[in-house]
Structure formats: structure tokens, C-alpha cells
Amino acid sequence: MLPTPFNAPRSGEIHRWSRTFIPTLKEAPAEAQAASHRLLLRAGFIRQVGAGIYNYLPLGWRVLQRISAIVREEMNTTGGAVEMLMPALEPFELFEGTRRDADYGDNLFRLKDRHGRLTALAPTHEEVITDLMKAGITSYKQLPLALYQIQTKFRDEFRPRSGLLRCREFLMKDAYSFHMSVEGPGGLNQAYDAMDRAYQNIFRRCGLTFTRVEAESGPIGGSASHEFMVNAESGEDTILLCPVSGYAANVEKCEIGPRPHDLAAAPTGDLQEVHTPGLPGIDEVGKFMKVKPDRMLKTIVFRAASNPASIEWVLAVVRGDQEVNEGKVKAAAGFHASMGDEKEARAAGFAIGYVSPRAALATGRKCLLLIDPDSAQGGFWATGADKPDHHVKHFNWRREMGAALDDPARVRVADVRNAAAGDPSPRVPGATLEARKGIEVGHIFKLGTKYSDAMDFRVLDEKQERRSVIMGCYGIGVSRTLAACVEMASDDNGIVWPAAIAPYHVVIVPMRVEPGSDAMSTAESLARGLSTAGLDVLIDDRDERPGVKFKDADLIGIPVRLTLGDKALAEKSAEFKRRNDHNSKSDLVPLDRAVAACIEAVSA
RNA sequence: CGGGGUGUAGCGCAGCUUGGUAGCGCGUUUGACUGGGGGUCAAAAGGUCGUGGGUUCAAAUCCCGCCACCCCGACCA
């Protein structure tokens, strides 16, 4: 046997439709709503097993493999990482340091082994890899290091939905990097930037149009985080962007440009109490009082963590039609605060459901009042009356709050709400933010020392001092990326795969399928030629009517279709059609040029 | 977890109100005719009607419980 050179081009696979499993459906199953869900089901790529649990059928698995291959290439080169594999089972003791079992809560799949030991199905692997590195890395000389895996993750999602877009079991690429420093050669920032580039390459190669947005960073200070959002209306996430500066962020993170405020305006009338019995929300109360939500003040009670000013509660005020942002509340307060436990807040005297900014003035509790600029205005306001079943009209800041407004230790005006379309851009005066829907396919994160501190992962530096290792982590939802690609590229007839991730590059449709027929033997020799050129080929050898084969070929979305009918064969030609080429008829291509035409179409 | 919806043949559905031998279309199998965008004719196979209980001479149908799946919502009080 001749030796095979290492760089020999890979020859493509040749599969026959009749010998693989492609159960296409004429009608989409009723439960599927999202376009990707419907098409993947109809085209025979996936089949549901349970809520948020799917089989990847041969076609679906092939695409996952393609995406994974791109991910591997980019990770191994641009990303500078090496691949490994960690287990799906995770003993609970690993959470002792990080307490993430609590953070994950019900989203963590828990199970007991036969000895009664608690075990988790891993939702991600920070603990496992940190534990592993702890044992293997003891010196700064071994760093930096970046490792990744492509592996099944488990999250007991509250509500799985939209097929592969939100699953309980899904395929993820997760990478972790380890450093002695943030800045400089070998530092976290360098690895982060490399990953950033790798991610952009990956999603571009998958044919996705995406927006890279600033995302909420974790509770440990200084960390940056970016999400890669595929632009799709069906996305669950909302992103905001400034069309002038290019600034883009997710809803939680997005800053809002300067907004004027005015707490000194005169009252609109006497404070008037209204009986509003048993009305649960802003909308209902508003309807009852005939006040629009944007003229009501919403006051949310946060429990303050220990802080130098020994403040116990933080009250955040936004307009009734806006949403309080917990991260911004913390940032404005300057210390940690979390949504108050209802019982605890009631015990402290807050009339939950009917809280007004005046609750901050009550004696005996130390409160910090944070007022969003949009609600720090004059004009008519309605708000709670600080007692059950009552609201007030004609709330006026100066009259109701008095001198407290002038004490920055007690009252501050600050951005504490989620950004929304139409808000001023934080980067360009006069520009306004636009909202888009997106599917989050990737997320990169500067972890800092969060995990290494929690798990005591320290190594000796060049001065023989033990220092916490600085970490980054980088995730891609591989199976979600597949769904996002379908959301992005489909038409009335089915999926339109980009060649880079299509399950096959070429589908050959012989009109006659009897073995030895001109059409079949031509199909086979064409397939061999394509395979030699490195293309994967599917021969539709089913004895079906042409219409059925064409419909199916369109549905499963193979980039190039070669049709072998009597007329074309009589001219020693094949009909050549690109899947993404709409209206046009197919071209006749001489058989001896067909392979070249396919290569050209696929490498475009 | 709250609200809404659905479970009847592989897929899509009707039948349930008013209880009385389980149906239609697609798909599947066989045969013939056909053969360029989801064919025609003929014959056939395929269903514990999600599940457990109850009412009744009789339950897919009425009553109660449970399960599964889908959609919407959800720390903003």
C-alpha cells in the first residue's frame, strides 16, 4: 500500500438517499412554531424525544459536525486553545467553593447515585476544569493556557422552547483560559481578544449575520463580557444599538445617554388618595385610576448588602412603563443589593405593591432612594400610598420629599432602568438607540479570579508568591447555532444551507434509478469525481417521481443540485442548479465540467 | 409556578355538544398505468382513542385524578 501523505486532501463521502435516514414530512408537526423548528423537523434533521430533548438525525448530525469542525479549526488556530473532553456527571462536592448549585437553582439537573451521593448533570464546566488545573498547574511557567471541549450540556430550563433554540440538553463548545495577568503578553486580555476574533470568524464562516454586543458582567468587578447575537426576529433576546457610533449592548447592560431631570417643579394639584382594592399590577391600577403607566411611579425595594454607609434598603424609582435594572441599581448604589424578599420587606414596614418614594423617608430604616431621570420630573404623577389597596394622585417630588432631596446620601438621580428603543445614545449626543431581536449564539467572559478564589486555585509567580489564577471563559451554543443558521437562511421551499455547513455539498438527482441505467451510472461517476475533489455527495436513488425529489432536495437545502434526465444526458450534460438561486431555471453543464462547476459554486 | 391549549394510525386532522360497531387526507405495502415540481386507479396493512379510576346495559364522547406536549406570562409586588 502506498503511504498517504499527511496533507492528502480528504475525499468526500458518497451517500445514497435510500440508504440513509431522511424522514421528510409534507406537513409540519403542529407543535412547531419557530421557523427553524418547523424546517428542521420537516426536513428530517431532528426529531423530538421530550420537552427540550431532541434526536439529531443523520442530516442534523452532519451539520453539527460541520459547525463543530469550524469551531475546532478556529479554536485551535485563532483562539489558541487545545481540545479535551470533560464528563457530563459532576459530583456535588465541586460546588462547595463556588456555591453555584445555589446560583443555578432548579436549572441544575440533580441526581443521586446508588450510594446516595448527590451528582449534577453539568450545566457548564468551570468547577471541573478549575479543579483539574489546580492539580496540574503549580507554576507561572505553565501559563497561559486555554482548553476547550465540545460537549453535551444539561440545564433544566424552566420552559424549553422553539426546538433547538432553547433545549434542556444541548451541544456546547466551552473554553477556559488561565493567566497570571490581565494585561500584557500571555494575559487575559490577549486571550480574550483572540477568542473574540475566533468567534467572529466562526459565525461568519457559518454564514450568520450577527451583532457583537456588550453584555452584563458578573458580580466580580472589572470583568468584561460580550455576546454574539444572530440578528433574527425570532430571537428571545433584545439588543440595543446606536446606529451612529456602532455601540451595541444587550438590554441588561445597555447604557443610556444623559437625560435632564427636574425635581423642583411645582405640584399639579393637591395630593389625592384613591382606594384601589385588590389590583395586582401597574396596568390594572392605571386603568382603574384612569392614569397611563408612563405617568405612574414604580418603586422597587432592594435589600442592601453590608456597606460603609450602613444603608439597609435601596429603593429604585422608575416610570410605570419602564423596567428597573438590578445591575444598574447596584452600580448607582455603589454596593451590592438584591431584590428584597417580600416577607422581609413587609416586616420592615413596606406596603409591598403600594410603595411610593416617600417610603424612603420613614424613620427607623436607613434607605437610599435612586430616582431614574425619566421619573425625576415635574408634571402629574400617581404612585402608591404606602398602605395596602391605596394609591395617590398628584405626587410632587419637592412637596412630598422635602429636604431629603438635597441630601446625596439619601437621594440620588441615576440611570436605574433597562434601556429601550428611542433612548438617547450613550455615545453620540442626539442619536437614539434602536432595538433588535437576537439569538445569543456565543458569549465570552473575563472571569477574573472568581473561580480561582472560590476554589483556591493559586500558583507561584516568579517572586515565589502564591497568586490567584486569572481566568476567562468562552461559550458557543453549537446546536443553537445550527438552529440560528436555519432561522437565517430559508425560503418557502425549505432550508438554504451555506456550503460551509451544508450536510452535503451536492445532491445528484437521477431521473431513472435502475442499476446500470445511463442516469445511475452517470450519477455514480459524477459522484466519484466530486468525492475526489473533496465534496460530499448525496445521490437521490429513490424510485420517486421527479416532483417529489425536487421538493425534498429543496427542503433539505443542499447547495447544488445536479439533475440527470434523458434530455440532458443525450447532450452529455447535467442540469445544474444552486439552491440559493431563486427564480432562474437550471443550466445545462457538460458532464466533464460538472465537477468544476460544483467546486466553484461551493467555494464561493 | 400561573394562565391558555392539545393528546384519536407514522404526520395533519374530524368525530365529543346530544354516549350506541373509530373515520378522512397525506404517508406506508402490493399491482397496474404513469414519469420534469409533492401523480391516477385498484386492493391492503396499520389505532390499548395519553393514562388510571368512576357513572352507564353501553364511554373516544359524561365525571374525577394523573401524565405528556405546545403557546403566553412571570423577582418590577
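Sequence lines set the chain letters: A, B, ... in the order given, protein chains first and strands last, and positions in each chain run from 1.
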Please state whether the base of [N] and the side chain of [X] form at least one donor-acceptor pair under 3.5 Å?
X: A/Glu326; N: B/C75; result: yes
X: A/Arg542; N: B/G38; result: no
X: A/Asn493; N: B/G37; result: no
X: A/Glu27; N: B/G25; result: yes
X: A/Arg42; N: B/G27; result: no

Under 4.0 angstrom, heavy atoms only, what part of the nucleic acid is [X] near: base, sugar-phosphate, or nothing?
X: A/Ala316; answer: nothing
X: A/Arg512; answer: nothing
X: A/Arg319; answer: nothing

Please pick, from [options], the nucleotide with the shortest atom-to-atom distance to any side-chain atom of [X].
X: A/Gln48; options: B/G37, B/A77, B/C69; value: B/C69
X: A/Val548; options: B/G36, B/G37, B/G38; value: B/G38
X: A/Phe158; options: B/A74, B/G12, B/G35; value: B/A74
X: A/Ala51; options: B/G36, B/C70, B/U34; value: B/C70
X: A/Phe550; options: B/G36, B/C71, B/U28; value: B/G36
X: A/Arg545; options: B/G39, B/C26, B/G36; value: B/G39
X: A/Ile352; options: B/G37, B/G12, B/A77; value: B/A77

Determine, step by step, whether A/Arg259 and A/Asp372 satisfy the salt bridge (charged side-chain N to carboxylate O under 4.0 Å, His left out) criterion, reporting the C-alpha distance in whole Å, the side-chain angles of both residues, the deciding distance to 0.1 Å, and the verdict. CA-CA 9 Å; A/Arg259 291 169 284 157; A/Asp372 185 77; 2.8 Å; yes
Of A/Leu59, A/Leu530, A/Ile14, which is the lone residue that meets side chain to side chain contact (heavy atoms under 4.5 Å, CB included) with A/Tyr504?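 The residue from A/Leu59, A/Leu530, A/Ile14 that satisfies side chain to side chain contact (heavy atoms under 4.5 Å, CB included) with A/Tyr504 turns out to be A/Leu59.
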Interatomic distance, [X] [atom1] vs [N] [atom2] [rounded to whole Å]:
X: A/Asp543; N: B/C33; atom1: CG; atom2: C1'; result: 14 Å
X: A/Asp492; N: B/G37; atom1: CG; atom2: C1'; result: 14 Å
X: A/Lys330; N: B/C75; atom1: NZ; atom2: C1'; result: 12 Å
X: A/Arg166; N: B/C69; atom1: CZ; atom2: P; result: 17 Å
X: A/Leu25; N: B/U28; atom1: CG; atom2: C1'; result: 14 Å
X: A/Glu544; N: B/U40; atom1: CD; atom2: C1'; result: 15 Å
X: A/Lys551; N: B/G36; atom1: NZ; atom2: C1'; result: 13 Å
X: A/Lys577; N: B/G36; atom1: NZ; atom2: C1'; result: 13 Å

Using purine N1 to pyrimidine N3 plus N6-O4 or O6-N4 for Watson-Crick, or N1-O2 and O6-N3 for G-U wobble, each under 3.5 Å, what pairs with [N]?
N: B/C57; value: B/G20
N: B/C1; value: B/G73
N: B/G27; value: none
N: B/U40; value: B/A32
N: B/U48; value: none
N: B/A68; value: B/U6

[N] to [M] separation - [atom1] atoms, rounded to the nearest Å:
N: B/C26; M: B/A58; atom1: P; answer: 38 Å
N: B/U30; M: B/G47; atom1: C1'; answer: 22 Å
N: B/G52; M: B/A42; atom1: C1'; answer: 44 Å
N: B/A74; M: B/C69; atom1: P; answer: 22 Å
N: B/C24; M: B/A44; atom1: P; answer: 12 Å
N: B/G4; M: B/C64; atom1: P; answer: 15 Å
N: B/C16; M: B/U6; atom1: C1'; answer: 14 Å
N: B/A59; M: B/G53; atom1: P; answer: 13 Å

Just by distance, with hydrogens left out, do A/His15 and A/Thr20 show a side-chain donor and acceptor under 3.5 Å apart?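 A/Thr20 and A/His15 do not have a side-chain donor-acceptor pair below 3.5 Å.
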Salt bridge or not for [X] and [Y], using N-O below 4.0 Å?
X: A/Asp294; Y: A/Lys292; result: no
X: A/Lys577; Y: A/Glu575; result: no
X: A/Arg417; Y: A/Asp415; result: no
X: A/Lys253; Y: A/Glu227; result: no

So, is the end of the A/Arg561 side chain (NZ or CZ) under 6.0 Å from the ring centre of A/Phe550 and within 45° of the ring's axis?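 So A/Arg561 does make the cation-pi contact.
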Pick the nucleotide of RNA chain B nearest each of A/Thr24 and A/Val49; which residue has the one closer to the 5' end?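 Going by which nucleotide is closer to the 5' end, it is A/Thr24.
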Relative to the 5' end of RNA chain B, which residue comes earlier, A/Val324 or A/Lys549, by the nucleotide with the nearest heavy atom?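 It is A/Lys549, whose closest nucleotide lies nearer the 5' terminus.
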Taking 4.0 Å as the cut-off, does a side-chain nitrogen or oxygen of A/Arg161 come that near to OP1 or OP2 on B/C71?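 Checking A/Arg161 against B/C71: no side-chain N or O falls below 4.0 Å of OP1 or OP2.
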Please determine if a side-chain N or O atom of A/Gln33 lies less than 4.0 Å away from the OP1 or OP2 oxygen of B/C72.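 Checking B/C72 against A/Gln33, no side-chain N or O comes under 4.0 Å of OP1 or OP2.
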Spacing of A/Glu487 atom CD and A/Leu40 atom CG [to the nearest 0.5 Å]: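 Reported value, rounded in 0.5 Å steps: 8.5 Å.
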